[in-house]
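Heads up, the thing below is written out as structure tokens.
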Amino acid sequence: MRMRAVWRLWSPGRGSRSVGDSARRRINASCPRAAYLGLLAGMALKPVLGKLGSKRVVLASASPRRQEILCSVGLRFEVVPSWFKETLEKSSFATPYKYAIETAKQKALEVANRMHVKHLRTPDIVIGADTIVTVDEHILEKPIDKQDAYRMLSRLSGKEHSVFTGVAIVHCNSKDNRLETEVTDFYEETKVKFADLSEELLWEYIHSGEPMDKAGGYGIQALGGMLVEYVHGDFLNVVGFPLNHFCKKLVELYYPPPKHTIHHIKHDSIPSVETFENLSDEENDSSSPLQYKGAIKLDRSKTHSSGGVCSPGSSNIIKPNCMMPVENQNGVMENPDKFPSKILELLDGFRASKALFVASKLKVFDLLKNKGVLQAVDVANTINSSVCGTERLLDACAALGLLEKTLQGYSNSDSANIYLASDSEDSLHGYIIHSDDHLWPLFTHLESAVKEGTMQNYRAFGKKSENLFQDSYYQSMEVKQRFMAAMHSIAKLTAKDVATAFDLSQFRSACDLGGCTGALANELVQKYPNLKVTVFDLPEVIANVSHFQPVRQHTAPVTFTSGDFFKDNFPEADLYILSRILHDWTDEKIHMLLSKISAACKPGNALLVAEIVLNKEKIYPPRAVLQSLSMTEGKQRSASEYKQLLEKYGFTSVQIKITGNFLDTILGFRKLSSH
Ligand SMILES: Cc1cn([C@H]2C[C@H](O)[C@@H](COP(=O)(O)OP(=O)(O)OP(=O)(O)O)O2)c(=O)[nH]c1=O
């Protein structure tokens with residue numbers, strides 16, 4: 001029968017190992033594919049594997065596929081399957097990949113904690129992964145029975161779907177018997193198209209038993225391969241582990257290449273590749289992983305990591321004759337054919353930003369979210385604008401990927417519905433309007449700002465602003481609310497990262513200093529039901545917080561107290577929080593604030609700081625560096641600077657978590673004896 005033939009197409013170790021819950025084994029680097037892949041990974045991966053050789057690496061997974069794949073690169077690891085139940089509330093994640101990443105993280109953390117507590121054997125590194133299938137905005141995991149498998153497979157029939165694998169690499173450290181963890185995570189997306197499946201074929205496949213332990217109810221590497229018309233992206237990602245992206249991540253963590261050693265090799269028919277030279281221990285102090293995701297810039301928006309992407313939609317198909325942008329020695333992407341694509345893109349950046357601002361201001365995304373698909377003329381009539389102008393704006397938004405354009409008209413992209421419509425849960429509308437009304441005028445005076453080294457509030461708005469809300473410009477209710485809406489949208493976007501970067505379950509009370517609308521506080525009380533959070537902010541802010549409160553959420557443990565954190569006493573708490581505060585103030589003001597917090601914080605209690613943490617050279621991530629151009633009195637800091645700052649005020653065991661998203665987090669515990 002044809003089925004049997006397909007069964008053997010990709011099955012490197014099918015049935016060769018079965019791993020029970022309690023299985024814990026050392027797998028040797030003697031797998032058959034190790035040599036082959038070792039060769040492929042070449043210079044970049046070999047030293048990393050050398051480093052990992054002396055570490056206790058644990059794979060927190062019962063999946064035999066993951067074991068095979070990881071084994072194939074020659075990594076030595078133990079297998080300790082995770083007991084974490086995959087029951088996270090899917091609807092609470094803005095995108096499916098965030099769900100997969102969080103599940104992967106929880107799987108790995110569960111194993112790290114269990115090994116630390118129960119077995120008193122803290123691993124150095126725990127790897128967790130979670131694979132999901134998404135179709136028509138539904139997340140499909142492993143089927144619970146044959147009927148469920150039938151429902152999944154018939155949903156996939158004849159359609160393209162996405163397979164996401166979230167991966168978490170947890171670095172562990174045992175300090176004073178406490179487990180400290182640092183998580184690096186990423187995801188990979190692969191698109192798979194199924195042929196039209198007849199009922200007969202469907203049931204034949206289900207009765208083979210193969211679907212039951214696989215996301216989406218199929219195994220592409222075996223019999224399920226016959227259901228597939230095409231695959232765009234990393235095949236191994238579908239099988240459960242994105243090996244290519246994982247290897248890049250390891251190199252990035254352990255051997256970020258010094259910029260001057262990156263060479264780009266141009267080849268006639270394959271995309272340019274990077275090679276690293278002289279990556280010896282002496283040159284790269286990499287005994288502990290670098291916390292930076294950006295040392296090699298992997299564009300997170302391009303989820304297919306093999307490069308060679310030339311046109312939208314063709315993501316993983318390498319087109320030999322396309323011009324491939326590569327990174328030059330300054331980290332700028334350039335085209336090997338000397339066409340300055342990146343520079344032209346930067347040059348046009350202001351047009352793109354302004355198109356986004358204007359479309360947001362005219363509520364184009366709100367309109368299309370409500371109406372679905374509209375022609376330019378209908379949009380123009382509703383937003384009271386010219387037809388020709390509206391058409392150009394809509395086309396620009398479509399070109400930027402914010403809208404979709406078909407013969408029927410214009411409609412929102414998925415991300416426009418999630419992030420640009422003003423009424424959506426994760427809307428960035430407030431921040432976009434603030435960027436247009438406040439940051440844009442400031443940045444038109446950048447030249448003066450650079451020459452004078454000062455903020456340009458006076459030139460842009462005719463006002464001075466030492467303290468935002470004390471300036472008459474900010475006395476206007478409209479300006480105040482606009483500012484709060486901007487802070488609220490950023491805080492909402494980042495709250496989950498900040499709340500989950502560390503396990504805060506040991507704290508019973510927290511005080512979010514300058515916590516504005518309470519977006520972070522609300523996230524914290526959802527995540528930690530035993531936590532009570534007080535938001536402490538200026539009276540003008542507290543007076544306006546009511547209409548930012550979530551309608552359906554349980555917010556009782558969040559209270560608001562007004563005061564000035566430089567002058568007034570703030571409430572007692574086990575945990576003090578400073579989110580996006582420190583970068584705005586002078587050293588003198590920071591001294592006042594941290595001295596007060598240090599005095600208020602009891603030994604064993606803690607301070608959580610959320611900021612963008614700069615790399616050692618202080619040029620990454622660019623978002624933080626560009627923010628500095630506003631010339632506020634404060635400054636952005638690197639990881640070691642934040643660590644030193646907290647230690648100076650009596651905080652110890654300082655841990656830093658680089659989230660790779662908007663905000664990073666720093667946690668320090670108040671020393672037993674005061675400084
Ligand atoms: C889509 C697809 C998934 N899969 C597998 C990969 C994963 O093992 C599984 C998805 O379930 P997961 O929950 O990601 O993993 P798991 O339960 O197998 O293992 P653990 O939670 O212990 O890490 O589906 C295939 O093997 N082939 C495929 O084509």
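As the structure lists them, so they are numbered: ligands from 1, and atoms in each ligand from 1. Small disclaimer: the values here were computed from a predicted structure and weren't measured.
For Glu141, no heavy-atom contact with ligand 1 is shorter than 4.0 Å. Contact annotation for Ser61 and ligand 1: heavy atoms of both the backbone and the side chain come within less than 4.0 Å of the ligand. Residue-level proximity to ligand 1 for Thr103 is absent, since no heavy atom of it falls below 4.0 angstrom. Heavy atoms of Arg65 found under 4.0 angstrom from ligand 1 belong exclusively to the side chain.
Between Phe241 and Phe246, the gap from one ring centroid to the other is short of 6.0 Å.
Close approach of ligand 1 to Asp130 (heavy-atom distance below 4.0 Å) involves ligand atoms 12 (P), 13 (O), 14 (O). For ligand 1, the atoms sitting less than 4.0 Å from at least one non-hydrogen atom of Asp213 are 9 (C), 24 (O), numbered in the order shown with element in parentheses.
Of the protein's non-hydrogen atoms, the one nearest atom 17 (O) of ligand 1 is Lys142 NZ, 2.2 Å. With hydrogens left out, the protein atom closest to atom 24 (O) of ligand 1 is Ala215 N, 3.0 Å, a heavy atom. At the shortest separation from atom 21 (O) of ligand 1 among protein heavy atoms lies Lys107 NZ, 2.6 Å. Here the protein heavy atom with the shortest distance to atom 2 (C) of ligand 1 is Val238 O, 3.1 Å. For atom 6 (C) of ligand 1, the closest heavy atom belonging to the protein is Val239 O, 3.3 Å. From the protein, the heavy atom lying nearest to atom 22 (O) of ligand 1 is Ala62 N, 2.7 Å. When hydrogens are left out, the protein atom nearest atom 29 (O) of ligand 1 is Ile220 N, 2.6 Å; that is the closest non-hydrogen contact.
Lys657 has no carboxylate O lying under 4.0 Å from a charged side-chain N of Asp497, or vice versa, which leaves the two without a salt bridge. A salt bridge links Glu141 and Lys90; the closest N-O separation between the charged side-chain nitrogens and carboxylate oxygens is under 4.0 Å. One finds no salt bridge joining Asp426 and Lys492 here, because no Lys/Arg side-chain nitrogen approaches an Asp/Glu carboxylate oxygen to under 4.0 Å.
At under 3.5 Å, not a single nitrogen or oxygen of Gly240, backbone or side chain, sits near a nitrogen or oxygen of ligand 1. The distance criterion of under 3.5 Å between nitrogen or oxygen atoms is not met by Val163 with respect to ligand 1.
Contact record, Asn412 with Lys369: ND2-N, 3.4 Å, taken as the closest heavy-atom pair.
Contact check for Tyr419 versus Leu493: side-chain heavy atoms found under the 4.5 Å cut-off. Using a 4.5 Å heavy-atom threshold, the side chains of Tyr528 and Ser505 count as touching.
Across Arg66, Gln221, Glu86, heavy-atom proximity to atom 14 (O) of ligand 1 is greatest for Arg66. Of the options Gly219, Ser63, Ala60, the smallest heavy-atom separation from atom 18 (O) of ligand 1 is shown by Ser63.
The line from CG of Leu227 to CG of Leu153 is 7.0 Å long, rounded to the nearest 0.5 Å.
For the residue pair Ser162 / Glu189, a side-chain donor-acceptor distance below 3.5 Å is found, with atom types taken as modelled. A donor atom on one side chain and an acceptor atom on the other are not found under 3.5 Å apart for Tyr99 and Glu89.
Looking only at distances, a side-chain donor or acceptor of Arg623 sits under 3.5 Å from a matching main-chain atom of Phe662.
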